[in-house]
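Read through the structure below, which is laid out as structure tokens, and then see the notes.
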Amino acid sequence: MPSVDSPAALEPEWARYRSPVRELVMLNAVLAFVLELTMLVFVAWWALLLDVPWWARILIAVVAVGALVMLWGTFAAPRARVRLPVIGIVGVKAVAFGAGVLALWGLGNPVAAVVFAVVVTVNVAITTFVRTRA
């Protein structure tokens, strides 16, 4: 994996590919971003529906989403401040997306939680494969 300061780390992961693979890698990157945002929405949604006073729900939602954003930005983002080995990055993604899956399950949507988990697993597998081929 290239260092964060190297020119290779600044170019998008799809730059190494030609069509049609390039478009598929780009589509997977867009899907990854949508899944990350969706995970945060699920966690906030779950927190806002807890059976506690309104101020506590807002506080829990802000802290939970903030913690996930900090975790992701520090360890799992493409330009993360702390470079972990691949297994560490996948572990951080499993914890973060696992929170989204559990939140969705806790909202009473077990089928949607399983579908989300499957889509996330395939997306993370493809992203990990693409990034480790550098």
Heavy-atom pair of closest approach, residues A61 and A44: CB-O, 4.1 Å
W55 with V62, same ILVMFWY side-chain cluster at under 4.5 Å: yes
Counting C-beta onward and ignoring hydrogens, is there a side-chain heavy-atom pair between L71 and V95 closer than 4.5 Å? yes
Search all heavy atoms of L84 against all heavy atoms of I89 and return the closest pair with its distance. O-CD1, 3.5 Å
Quick one: does R57's side chain have a donor or acceptor within less than 3.5 Å of a partner on L49's backbone? no
Establish whether V118 and L31 are linked, either directly or via other cluster members, by ILVMFWY side-chain heavy-atom contacts under 4.5 Å. no
If you compare all heavy atoms of L107 against all heavy atoms of W46, which two are closest, and at what distance to 0.1 Å? CD2-CA, 3.7 Å
Note: P78 and R131 closest approach over all heavy atoms is CG-NH2, 3.2 Å
Are L50 and V65 joined in one hydrophobic group, where the rule is that I, L, V, M, F, W and Y side chains link up if heavy atoms are under 4.5 Å apart? yes
If hydrophobic clusters are built by linking Ile, Leu, Val, Met, Phe, Trp and Tyr wherever their side-chain heavy atoms come under 4.5 Å apart, do L102 and L48 end up in the same one? no
More than 12 heavy atoms of other groups within 6.0 Å of I87 CD1: no
Quick one: closest heavy-atom pair of N28 and N123, and the distance? OD1-ND2, 2.8 Å
Do the non-hydrogen side-chain atoms of V120 and M39 ever get within less than 4.5 Å of each other? no
Can you give me the closest heavy-atom contact between V43 and A64, atom names plus distance? CG1-CB, 3.7 Å
Can you find a pair of side-chain heavy atoms, one from K93 and one from W72, that are under 4.5 Å apart? yes
Quick check: do F97 and T121 have side-chain heavy atoms less than 4.5 Å from each other? no
Let me confirm one number: the CZ-CZ distance from R83 to F75, rounded to the nearest 0.5 Å. 12.0 Å
Taking it one step at a time, do W105 and F42 satisfy ring-ring contact (aromatic ring centres under 6.0 Å, His included)? CA-CA 10 Å; W105 192 287; F42 291 157; over 10 Å; no
When you group the ILVMFWY residues by side-chain heavy-atom contacts below 4.5 Å and let the links chain together, are L104 and V41 in the same group? no
